[in-house]
Peer 1: 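Got a structure for you, questions after.
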Number of protein chains: 2
Amino acid sequence: MRFSGTLGDLNVMPPKSGSPTDAAERVTIQDVAKAASVSVSSVSNYMNNRFHRLGTETRTRIATAIAELDFRPNQAARQLKTGKARVIALVVPSIVNPFNGQMVFSIEQAAVKAGYRVHLCNTMRDPKLEKEFLDNLAAIGVADLITIAPLNTRRGYYSAWSDLSIVAVDANRLDLKLARLDTVNLDHEAAIGMAVEHLFALGHRRIAYVTDPLITHSRVMRLSGFKKAMKDRELDDSQAVVLERHQSALDIADAQMVEVGRDAASDVAALSPRPTAIIAFNDMIALGLLATFRSAGIAVPKDMSIIGVDDAWISQLSFPALTTIRQPIEAMAAAAVESVLKPSAAPTSAGSDTIFLPELVIRDTCAKPQEEVATHIRKRRLE
Amino acid sequence: MRFSGTLGDLNVMPPKSGSPTDAAERVTIQDVAKAASVSVSSVSNYMNNRFHRLGTETRTRIATAIAELDFRPNQAARQLKTGKARVIALVVPSIVNPFNGQMVFSIEQAAVKAGYRVHLCNTMRDPKLEKEFLDNLAAIGVADLITIAPLNTRRGYYSAWSDLSIVAVDANRLDLKLARLDTVNLDHEAAIGMAVEHLFALGHRRIAYVTDPLITHSRVMRLSGFKKAMKDRELDDSQAVVLERHQSALDIADAQMVEVGRDAASDVAALSPRPTAIIAFNDMIALGLLATFRSAGIAVPKDMSIIGVDDAWISQLSFPALTTIRQPIEAMAAAAVESVLKPSAAPTSAGSDTIFLPELVIRDTCAKPQEEVATHIRKRRLE
DNA sequence: GCAATTTGGTAAAACGATACACTTAAAATC
DNA sequence: GATTTTAAGTGTATCGTTTTACCAAATTGC
């Protein structure tokens with residue numbers, strides 16, 4: 001199934017066993033000090049922006065020496081001394097989930113801007129993998145952790161790493177029960193509220209909600225947001241379908257999310273009276289519903305309106321393109337990075353919660369409910 | 001647009017200003033040595049599997065001491081001494097591209113298995129970002145680099161980092177012109193060959209090929225594979241559509257790939273005589289084509305068959321589900337990691353090329369060409 | 001039984017930065 | 001003018017490993 005071959009004759013450079021970039025002599029702070037005729041300490045001060053300890057003359061001398069030698073401080077040495085690495089640990093169930101992928105991407109961009117690098121860990125929600133990763137953080141001097149969508153059953157889980165500065169995206173401090181924790185979240189209830197309002201304005205009255213098991217903060221809050229928004233409009237909120245955890249829940253692709261949608265489709269179609277619209281916990285489930293309805297001959301949006309949450313890039317891709325509620329991913333990523341890097345405030349404080357407002361993105365999967373259904377409902381409401 | 005609030009009263013743990021996990025005293029190799037009543041050297045030898053230097057007795061003593069103290073060697077110190085970090089640098093245009101996402105995911109998994117961690121860099125194909133990342137690698141002691149789908153115009157680009165062990169996935173050594181380089185590739189020509197054969201066997205004779213600009217090895221090889229496979233069957237290979245680079249080529253989402261497909265759809269529909277089937281460079285483009293055809297009323301697969309390449313998880317999601325050529329992502333990721341970590345062979349060798357065979361995944365976007373078209377073509381061939 | 005080797009083990013010098021404790025000269029204060 | 005303060009800069013111990021060189025005892029060869 002696989003060939004491996006060594007094509008020795010493709011060597012495009014002459015052998016030159018000599019020394020082109022040979023030993024690649026690393027230039028150290030000592031070399032710089034010598035070149036600038038100053039002490040190592042001064043160079044160190046320069047490197048750490050302690051300019052008040054330096055005269056303008058030495059300062060420029062050091063600057064030119066650094067530039068000439070292309071000096072880059074050895075991070076291992078620096079780290080050994082200071083105990084801190086400029087690295088953010090990033091724990092995520094799986095970047096293959098497109099929303100997580102975008103979030104990780106944006107966090108990496110934000111981290112680089114702040115002069116940090118990112119250590120990635122796809123946990124697949126496997127506690128062993130995650131624990132191992134976290135346990136090794138101290139050994140490599142990492143002090144900052146961002147975790148995305150941790151299980152909400154993890155009470156006190158992160159307490160074991162209390163020396164880390166932790167920020168959780170899509171999580172609730174009460175769930176995690178951690179002494180110090182910052183969180184970054186979408187206003188999930190508002191998000192679903194917007195979805196309900198959009199459908200309501202279109203004329204829908206029988207609205208279902210589909211979610212996979214309530215294992216994260218967002219799942220809990222979106223469901224409760226659904227119930228609130230329905231009650232506010234005096235609508236029946238009983239058509240909330242919470243699915244069993246799918247077999248392949250730990251599969252690589254989060255394609256299982258789509259499976260969830262597939263499974264849900266029949267459940268939803270069986271609801272009586274049949275809803276005219278569905279709100280999905282996220283775009284993946286919405287897409288799964290969409291695909292299944294279409295292959296079952298249920299037209300979207302004519303027979304059924306569908307709306308998702310996230311506005312993962314993938315949702316533009318379906319036909320019809322998915323109407324959804326957008327999370328401001330970049331802003332949330334930036335907030336998470338900023339939050340994890342900011343010097344910890346008063347140690348008495350429990351941390352901050354940053355909440356972002358969602359945005360309705362209207363595409364093509366929502367329409368007015370069909371005549372008959374609409375009149376049917378109108379009749380029922382009049383009775 | 002955003003609220004931030006400090007909920008100081010949510011502190012769920014008693015203040016306890018004392019010392020719970022307080023100073024978190026890091027346990028060092030010295031502590032272990034003391035506890036086991038042996039020298040530091042012996043512990044070091046133990047940690048580095050140099051068991052031939054140890055008696056069974058000391059060996060167990062050290063083992064228990066390590067377990068008891070939960071000793072984890074300080075990687076910074078180790079690195080400072082050895083100059084090497086157990087980290088693989090991973091350069092990728094963007095993990096948001098689902099295929100890249102899966103590849104990065106699998107590489108991370110393989111790296112962890114080998115005791116390595118992954119430093120991620122989404123370059124967005126921005127040379128500045130990439131250069132900066134690579135330049136800093138030495139400073140953090142990283143010696144191993146995996147780069148995914150680098151531009152094939154980058155002759156000699158990586159020579160500046162000749163002290164790295166470099167593996168390129170989806171790249172050609174001749175393109176990169178690097179002294180020492182291992183590559184991991186799909187057999188791209190075979191992949192397209194399989195696609196052509198599948199369509200040919202279904203009865204298609206007018207087959208188009210759609211690709212975005214030929215900026216990577218795979219893009220070049222798949223196109224050439226298309227031409228070869230068509231010529232082998234004495235078919236017209238002129239219907240290869242190479243699109244201009246799309247405006248948003250550097251967009252976050254690689255959603256532009258879908259745009260490419262969208263743009264291509266009209267070009268393809270305008271081809272005369274109109275092809276009965278299209279092979280897309282990858283699944284993203286195929287999905288773009290699919291979505292566009294369907295909204296234009298061209299039925300897939302009745303009026304037009306479509307086949308992609310990659311079998312990114314996303315391709316199961318479309319309706320109809322996409323027929324495609326699968327890349328064995330996990331195996332390729334494992335090969336890349338193995339390759340980058342293996343002790344470099346004879347320095348005279350130019351490296352190895354590992355090539356993987358693709359696999360046809362039949363779903364629902366390919367069918368026999370329509371009667372009329374089929375007869376029409378049959379007639380033409382008989383003339 | 002004595003030299004040569006093997007086995008099991010140790011002491012101490014690095015690795016490259018940081019940070020603490022100092023020094024010295026100039027400036028400011030009284 | 002004597003004393004204190006500030007500015008600018010340096011020497012060196014230190015972080016926690018690895019590694020080299022070295023040593024003693026046990027084993028082997030002849």
Side-chain angles (χ1 to χ4, degrees), chain A residues 23-63 65-66 69-87 136-143, chain B residues 23-63 65-66 69-87 136-143:
Chain A
E25 306 284 348
R26 279 203 49 71
V27 21
T28 77
I29 199 174
Q30 327 251 4
D31 301 330
V32 177
K34 205 161 296 172
S37 323
V38 296
S39 73
V40 235
S41 315
S42 293
V43 180
S44 174
N45 283 329
Y46 181 92
M47 293 309 296
N48 292 284
N49 301 317
R50 282 186 282 271
F51 295 125
H52 57 281
R53 326 277 272 102
L54 302 176
T56 45
E57 151 95 35
T58 29
R59 192 159 148 182
T60 56
R61 282 230 301 282
I62 293 175
I66 287 176
L69 300 176
D70 190 26
F71 168 63
R72 290 157 197 285
N74 180 318
Q75 295 298 335
R78 166 179 283 192
Q79 193 179 128
L80 176 57
K81 199 53 183 132
T82 63
K84 306 224 158 289
R86 309 207 87 198
V87 171
N136 283 323
L137 254 31
I140 56 180
V142 175
Chain B
E25 306 284 348
R26 280 203 50 71
V27 19
T28 76
I29 199 173
Q30 326 249 8
D31 302 329
V32 177
K34 206 162 293 173
S37 323
V38 296
S39 73
V40 215
S41 318
S42 292
V43 181
S44 175
N45 282 329
Y46 181 92
M47 293 309 296
N48 293 283
N49 301 316
R50 281 185 284 271
F51 295 124
H52 56 280
R53 324 277 275 103
L54 302 176
T56 46
E57 151 93 36
T58 30
R59 191 159 148 182
T60 56
R61 281 230 301 281
I62 293 174
I66 287 176
L69 300 176
D70 189 27
F71 168 63
R72 290 158 198 284
N74 180 318
Q75 295 299 334
R78 168 178 280 191
Q79 195 180 128
L80 176 58
K81 202 52 187 138
T82 63
K84 307 221 160 290
R86 309 207 89 199
V87 170
N136 282 323
L137 254 31
I140 57 179
V142 174

Peer 1: With a 4.5 Å cut-off on side-chain heavy atoms, are A:Leu80 and B:Asn74 touching?
Peer 2: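 B:Asn74 vs A:Leu80: side chains touch.
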Peer 1: Nucleotides 7-10 of chain C: which of its N/O atoms have a protein N/O under 3.5 Å away?
Peer 2:
unit_1: C:dG9; atom_1: OP1; unit_2: B:Thr58; atom_2: OG1; d: 3.1
unit_1: C:dG9; atom_1: OP2; unit_2: B:Gly55; atom_2: N; d: 2.4
unit_1: C:dG9; atom_1: OP2; unit_2: B:Thr58; atom_2: OG1; d: 2.5
unit_1: C:dG9; atom_1: O6; unit_2: B:Arg53; atom_2: NH1; d: 3.4
unit_1: C:dG9; atom_1: O6; unit_2: B:Arg53; atom_2: NH2; d: 2.8
unit_1: C:dT10; atom_1: OP1; unit_2: B:Ser39; atom_2: N; d: 3.4
unit_1: C:dT10; atom_1: OP2; unit_2: B:Ser39; atom_2: N; d: 2.9
unit_1: C:dT10; atom_1: OP2; unit_2: B:Ser39; atom_2: OG; d: 2.8
unit_1: C:dT10; atom_1: OP2; unit_2: B:Ser42; atom_2: OG; d: 2.8

Peer 1: Measuring only between side-chain heavy atoms, which start at C-beta, is B:Leu54 closer than 4.5 Å to B:Ser42?
Peer 2: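 Side-chain contact under 4.5 Å: yes.
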Peer 1: Is the phosphate of D:dC15 approached by B:Asn74 (side-chain N or O, under 4.0 Å from OP1 or OP2)?
Peer 2: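 Indeed not, no polar side-chain atom of B:Asn74 lies that close.
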Peer 1: For the side chain of B:Lys81 and the base of C:dA14, is some donor closer than 3.5 Å to an acceptor across the two?
Peer 2: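 Side chain to base: pair present.
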Peer 1: Hey, does A:Asn48 have a side-chain heavy atom less than 4.5 Å from the side chain of A:Arg78?
Peer 2: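 Of all side-chain heavy-atom pairs linking A:Asn48 with A:Arg78, at least one is under 4.5 Å.
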Peer 1: Taking five pairs at each end of the helix from C:dG1-D:dC30 to C:dC30-D:dG1, what angle separates the two helix axes (nearest 10°)?
Peer 2: 30°
Peer 1: If I take atom CD in residue A:Gln30 and atom P in nucleotide C:dT18, what distance separates them, rounded to the nearest angstrom?
Peer 2: 11 Å
Peer 1: Are B:Arg50 and D:dT19 close enough that a side-chain N or O sits under 4.0 Å from OP1 or OP2?
Peer 2: yes
Peer 1: Between A:Ile62 (CD1) and D:dA8 (P), how many Å, whole number?
Peer 2: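 Answer to the nearest Å: 13 Å.
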Peer 1: Please report, rounded to the nearest Å, how far the P atom of D:dT17 is from the CD atom of B:Gln75.
Peer 2: 9 Å
Peer 1: Mind calculating the distance between CG (B:Leu80) and C1' (D:dT14) to the nearest angstrom?
Peer 2: 12 Å
Peer 1: Rounding to an integer number of Å, can you tell me how far B:Arg86 CZ sits from D:dT18 P?
Peer 2: 11 Å
Peer 1: Heavy-atom distance under 4.5 Å between the side chains of A:Ile66 and A:Met47, does that happen here?
Peer 2: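 Yes. Closest side-chain heavy atoms under 4.5 Å.
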Peer 1: Which part of the nucleic acid, if any, lies within reach of B:Ser44 when heavy atoms closer than 4.0 Å are counted: base, sugar-phosphate only, or nothing?
Peer 2: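 Touches a base.
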Peer 1: Heavy atoms only: give me the nearest B:Ala36-B:Arg61 pair and the separation to one decimal.
Peer 2: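 Reported closest heavy-atom pair: O-NE, 2.8 Å.
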Peer 1: Once you apply a heavy-atom cut-off of 4.0 Å, does A:Phe71 come out as touching a base, just sugar-phosphate, or nothing?
Peer 2: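 Result for A:Phe71 = sugar-phosphate.
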Peer 1: To the nearest 0.5 Å, tell me how far A:Asn45 CG sits from A:Ser39 OG.
Peer 2: 7.5 Å
Peer 1: Looking only at heavy atoms, which two atoms of B:Thr28 and B:Phe71 are closest? And how far apart?
Peer 2: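 So the two residues come closest at C-CE1, 3.5 Å.
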Peer 1: Rounded to whole Å, how long is the line connecting atom NZ of B:Lys34 with atom P of D:dG16?
Peer 2: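 Those two atoms, NZ and P, are 12 Å apart.
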Peer 1: Rounding to an integer number of Å, can you tell me how far A:Ile29 CD1 sits from C:dA17 C1'?
Peer 2: 6 Å
Peer 1: Might you point out which heavy atoms bring A:Val38 and A:Val43 nearest each other, and give the distance in Å?
Peer 2: CG2-CG2, 3.8 Å
Peer 1: Starting at atom CD of B:Gln79, determine the distance to atom P of D:dC15, rounded to an integer number of angstrom.
Peer 2: 19 Å
Peer 1: So which heavy atom on A:Arg26 is nearest to which on B:Ala138, and how close?
Peer 2: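 The pair with the smallest heavy-atom distance is NH1-CB, 3.9 Å.
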